[in-house]
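Take a look at the structure below.
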Amino acid sequence: MERPIIQIESLKRDFALGTEVVRALRGISFTINKEEFVTIMGASGSGKSTLLNILGCLDQASEGVYKIDDIMVKNLSGNELANIRNKKIGFIFQAYNLLPRTTALENVELPLVYNSLFTAKQRRELALEALHRVGLSDRLHHTPSQLSGGQQQRVAIARSLVNDPVVILADEATGNLDSRTSYEIMDLFQDLNQKGKTIIFVTHEPDIAALSKRIVLLKDGRIIKDEPVQNFLLAKNILSTLPKED
Amino acid sequence: MRAFLTMLGVIIGVASVITMLAIGEGSKNSIKEQISSMGSNMINIRPGTDFRGGVRMDMSSSQSLTYKDFTRLKEKSTLISALSPLVNGGGQAINGSKNWPTSIYGVNTEYLKIRKLEIASGSMFTEANIQASAKVVVIGKTIVENLFSGGQEPIGKMIRFNNIPFRIIGVLAEKGQNTFGQDQDDVILAPYTTVQKRILATTHLQSIVASAKSEETATQAVEEVSKIIRESHKLGEADDDDFNVFSMDELITTFSSTSQMLTILLVAIASISLLIGGIGIMNIMYVSVKERTREIGLRMAVGGKGKDILLQFLTEAVMISITGGIIGVLLGMSATSAVANLLSWPTAITAYSIIISFSVCVITGIFFGWYPARKASSLDPITALRYE
């Protein structure tokens, strides 16, 4: 049951900025097991974006070990990294990053387009299923401009689910949403986590972080706190206390 | 809309290339057609400079071509399908009170075939007429019009040429003017023996006309003819030809090369607009890459590889240029038919002009799309995702 999905050990990332070396990560280690729901918190400049890029295989560490689903991510080529991103990771962004003038269905299909194992028919089926899971079965052919922010983020979540990744990386996924919609999205995340998805969530809102199961706090490139959430809340319950929309 | 404006350069480029080529090709064809209507594959053998005691004689006075040459050619040549001696003289044709200055051509029966002439009414003279140096003629339309008043039947009538009476036995079908503005109907044909004996009082031939078996073998036929006549004239290796052989081919080549040059010039101009179209594509692709930086970042994040992105943008560039190309071809075709109809210029759209301009289009798309696509594919996904 306690299968490690993400293992990092003394991870360091240095950036050369002219003659100066900026140390964004100064040696961090943690393990995230299957079905965990972890929030990474930290002020700007704490290194959480850098960490997320490395976890998302968009960037590689200068030093240290990073294993995702038992694959060692080290000195890989751009294409190899792209392959890992395509098969192991689901991305969710603050600004949704959906393709404009493209239907929800086609947006969700996108990761599978870059995987030659899937036929067009399979892509369509998986995308339909993913949209059903985020409750957007009635918005299949709407383009992003015809959807609300919350709905757009749901499409993005469906897109992150469609390739059945080992981990979902959400970067400030509720940052552009009002609090009610934020809780609705968090409810969806909790539900997905309940059903076995491993989620890593980056935010700087403590009340959103409180809805996850474990918080990792970064400061100046180091972990200063890594502990389970004491009083785990259900987003559903908070939603019921909020005033209903008219 | 923007894509259309981008395409416009390609559209205009392709359309103009096609129209220009069609006009160039059309004028080339019409020249070719007119020349070959005078007798396609026609070979003309004329006497050339003659040596008499070391003195080069004037060409017109030379008498180096004889009936013997004609018979030699007839016996030996393999690449010639029709052969006729030709002697001609100018003079006044008279019928009653009407008269007309014209030329009489002394030929044999094969002359009709060589010059692509047809008998409209009556008949051509026969071998027997030639043997007998009969005073019979076949006349062209212009002669009929000038010597006979409306509706009068010329066949069987007598006319006089230089005061020698001839009986008209046939009228030629109308042929009109040739490329050089010569009236091809202003002609009287008679047996060459008759013209030699009764009008010119000569035994020499002014020229021999022949028809090569096909256009392809015309050049070889010319060589063969030269060889046979050299033999017949007993010319040694070192001797100059005392005759000249002309083929229509040379005329066609001369005329074609002129219009060819015109075509090249027109195409060069059109190519410049195609080049500008290509630069337009490059420009728009750059803007597109810039505008869609985040999309590129996203595609990379969800697993798009550099080559996927490259291919995507390259495909878009090629799509723009191909669509532009198709519209350009259609526009070029309609512009061509407009030119043909409104200005009644001869035009001809050839398959190769369409193929060439279309492939140039695709190449333009690839060439000018490559650099922006390359740029898109080499973006760093992290910065691309954060791009505002």
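Numbered from 1 within each chain, the chains take letters A, B, ... in sequence-line order. This structure is a prediction, so every number in the text was calculated from the model and none was measured.
Counting only heavy atoms from C-beta outward, the side chains of A:L110 and B:L298 approach each other to under 4.5 Å.
Counting heavy atoms of neighbouring residues, nucleotides and ligands inside a 6.0 Å radius, atom NZ of B:K213 exceeds 12 of them. Within a 6.0 Å sphere centred on CZ of A:F15, heavy atoms belonging to other residues, nucleotides or ligands number more than 12. Open room surrounds OH on B:Y371; 12 or fewer heavy atoms of other groups in view lie less than 6.0 Å from it. The number of heavy atoms from other shown groups lying within 6.0 Å of OH (A:Y66) is above 12.
In this structure, chain A has a heavy atom under 4.5 Å from the side chain of B:R386, while its backbone stays farther away. If you measure heavy-atom distances from A:N107 to chain B, you find no contacts under 4.5 Å at all.
Chosen from A:L99, A:L81, A:I89, the residue pairing most often with chain B at heavy-atom distances under 4.5 Å is A:L99. The choice from B:A301, B:P381, B:G306 that makes the most heavy-atom pairs within less than 4.5 Å of chain A is B:A301.
Rounding to the nearest 0.5 Å gives a distance of 6.0 Å between OH of A:Y114 and CG of B:D308. Taking CG of B:D380 as the reference point, atom CG of A:D59 lies at 7.5 Å (rounded to 0.5 Å). Interatomic distance, A:N83 CG to B:K305 NZ, rounded to the nearest 0.5 Å: 4.0 Å. In this structure, CG in A:L58 is found 6.5 Å from CG in B:L385, a value given to the nearest 0.5 Å.
Contact between A:A82 and B:G304 at its shortest, heavy atoms only, is CB-O, 4.1 Å.
With hydrogens and angles disregarded, no donor-acceptor distance shorter than 3.5 Å links the side chain of B:R294 to the backbone of A:N97.
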